[in-house]
Amino acid sequence: MLEIKNVHAQFEDTKILKGVDLTVKPGEVHILLGPNGSGKSTLGRVLLGDEKYEKTAGEIIFNGESFEDMEPNERAQAGFFFTFQSPPEIDGVSVKDFLFAAKKALDPDFTSSFKFKRGLQETLEDLRLPAEFVDRETNLGFSGGERKKIEMASLITLNAQCAFLDEIDSGIDIDTIRQIGKTLREFLSDTSKSVILVTHSDKLIEEVKPTHVHVFGNGRILKSGGPELVKEIQISGFDSHVKRESSLNVLS
């Protein structure tokens, strides 16, 4: 589904990704672990096509087509989904109107706003959000957990193929982690779907049961394995895999 080949990228003049290779097939769950600043979030931004991040080398292929000349909305329409660490507020636009517009962009023939609202309310209730949230302004005054649940509702509503979830577990309680885990398991029950998950939560990893685990460091994937790699990191930490650059090395 997704092939990332020797991708290099930078933010302004700072090189961040230094040769990332990753292949994601349908039905797979890939966990990205690594210290802060290692490039995990940047990879998601580059996959999204964020214009603030410049891809300087490499290739990204999604379902056989290059992302090279595709805008972020075109990547989304192709089936790629990205969640932000801090989902933004959209003042004056309700959750229903925002997601209905996105749904129509994916499927112009979808015109039933009543059917859409009812389905969205059911999705929110599954995530333990009041049905009234469909008419609230998107993320305005929402708690961290409520924002992350809206992101999950967006994933289900838009029926994406491949989701890059950037710390969907940050700043939320254990019950919300369980709800997100349940939603992801339901999403992945369709074996044509796949997920790339950036997380620091052992509990969420247990909830989603990854097929692949990768240790990220210094802008590249340093080690890959199965779920056993999570236990190895829990015991030894990242230092056994990631050689941290000292300030003297950086200056030199």
Side-chain angles (χ1 to χ4, degrees), residues 1-26 28-86 88 160-168 170 194-200 210-226 229-230 232-233 237-252:
M1 179 183 291
L2 177 66
E3 293 182 87
I4 303 169
K5 302 178 180 179
N6 192 35
V7 166
H8 294 244
Q10 63 187 40
F11 177 77
E12 297 179 344
D13 294 326
T14 303
K15 295 180 180 179
I16 302 176
L17 301 184
K18 304 171 184 177
V20 176
D21 294 283
L22 181 64
T23 298
V24 179
K25 297 179 181 179
E28 293 182 345
V29 180
H30 291 250
I31 302 291
L32 299 186
L33 302 174
N36 293 330
S38 57
K40 306 182 298 297
S41 296
T42 295
L43 176 61
R45 295 281 187 159
V46 170
L47 292 174
L48 174 68
D50 189 331
E51 62 181 11
K52 295 178 182 178
Y53 294 79
E54 181 186 1
K55 182 171 72 66
T56 56
E59 191 174 15
I60 301 169
I61 305 294
F62 186 70
N63 284 332
E65 295 189 9
S66 173
F67 266 178
E68 189 66 33
D69 297 318
M70 295 174 69
E71 296 295 325
N73 64 295
E74 294 173 321
R75 299 180 190 202
Q77 288 173 323
F80 180 73
F81 183 90
F82 177 84
T83 64
F84 295 93
Q85 284 190 25
S86 299
Q161 284 185 286
C162 180
F164 189 104
L165 309 180
D166 190 5
E167 296 195 20
I168 193 72
S170 65
S194 61
V195 167
I196 304 170
L197 179 62
V198 178
T199 182
H200 296 289
T211 57
H212 299 73
V213 177
H214 311 279
V215 178
F216 225 91
N218 300 329
R220 59 175 64 91
I221 292 174
L222 302 176
K223 186 173 183 178
S224 298
L229 188 52
V230 175
E232 184 180 326
I233 294 298
F238 294 121
D239 286 343
S240 61
H241 302 283
V242 181
K243 182 180 180 182
R244 301 176 189 267
E245 294 181 326
S246 70
S247 58
L248 180 60
N249 289 335
V250 172
L251 290 171
S252 63

Locate the shortest heavy-atom distance separating [X] from [Y]; write the atom from each residue and the value.
X: A160; Y: G79; answer: CB-O, 3.6 Å
X: G49; Y: P72; answer: O-CG, 3.6 Å
X: I61; Y: E59; answer: CD1-OE2, 3.3 Å
X: G34; Y: K40; answer: O-NZ, 3.0 Å
X: K18; Y: N218; answer: CD-O, 3.4 Å

Q. Are the side chain of Q10 and the backbone of E12 linked by a donor-acceptor contact shorter than 3.5 Å?
A. yes
**Q.** Positive for side-chain contact (heavy atoms from CB on, under 4.5 Å) with L2, one of I60, L22, T23
**A.** I60
Q: State which residue, out of L32, V29, L33, fulfils the side-chain contact (heavy atoms from CB on, under 4.5 Å) condition with V213.
A: L33
Taking atom [atom1] of [X] and atom [atom2] of [Y], what is their separation to the nearest 0.5 Å?
X: L222; Y: S224; atom1: CG; atom2: OG; value: 9.0 Å
X: K5; Y: S66; atom1: NZ; atom2: OG; value: 9.5 Å
X: R75; Y: C162; atom1: CZ; atom2: SG; value: 12.5 Å
X: T42; Y: L17; atom1: OG1; atom2: CG; value: 5.5 Å
X: F164; Y: L43; atom1: CZ; atom2: CG; value: 5.0 Å
X: F62; Y: M1; atom1: CZ; atom2: CE; value: 5.5 Å

**Q.** Check against salt bridge (charged side-chain N to carboxylate O under 4.0 Å, His left out), K55 and E68
**A.** CA-CA 9 Å; K55 182 171 72 66; E68 189 66 33; 2.9 Å; yes
Q: For the pair H214 and H212, evaluate side chain to side chain contact (heavy atoms under 4.5 Å, CB included) and give the outcome as yes or no after the intermediate values.
A: CA-CA 7 Å; H214 311 279; H212 299 73; 3.8 Å; yes
With no hydrogens and no angle check, do the side chains of [X] and [Y] hold a donor and an acceptor under 3.5 Å apart?
X: D166; Y: S41; value: yes
X: Q161; Y: N63; value: yes
X: T56; Y: H8; value: no

**Q.** K223 bridged to E232 by N-O distance under 4.0 Å
**A.** yes
Q | Side-chain heavy atoms of L165 within contact of V198, under 4.5 Å | A | no
(Q) I'd like to check N36 versus H200 (side-chain heavy atoms, cut-off strictly below 4.5 Å). Are they in contact? (A) yes
(Q) Run D21 and I4 through side chain to side chain contact (heavy atoms under 4.5 Å, CB included) and show every step you take. (A) CA-CA 5 Å; D21 294 283; I4 303 169; over 6 Å; no
Q: May I have the step-by-step check of side chain to side chain contact (heavy atoms under 4.5 Å, CB included) for V20 and F216, ending in yes or no?
A: CA-CA 9 Å; V20 176; F216 225 91; 3.8 Å; yes
Q: Describe, in one word, how the ring planes of F82 and F84 are oriented to each other, choosing from parallel (under 30°), tilted (30 to 60°) and perpendicular (over 60°).
A: perpendicular
Q: Name the orientation class of the two ring planes belonging to F80 and F67 (parallel below 30°, tilted from 30 to 60°, perpendicular beyond 60°).
A: perpendicular
**Q.** Over 12 foreign heavy atoms within 6.0 Å of CD, E65
**A.** no
(Q) Is there a side chain to side chain contact (heavy atoms under 4.5 Å, CB included) between K52 and R45? Walk through the geometry before answering. (A) CA-CA 9 Å; K52 295 178 182 178; R45 295 281 187 159; over 6 Å; no
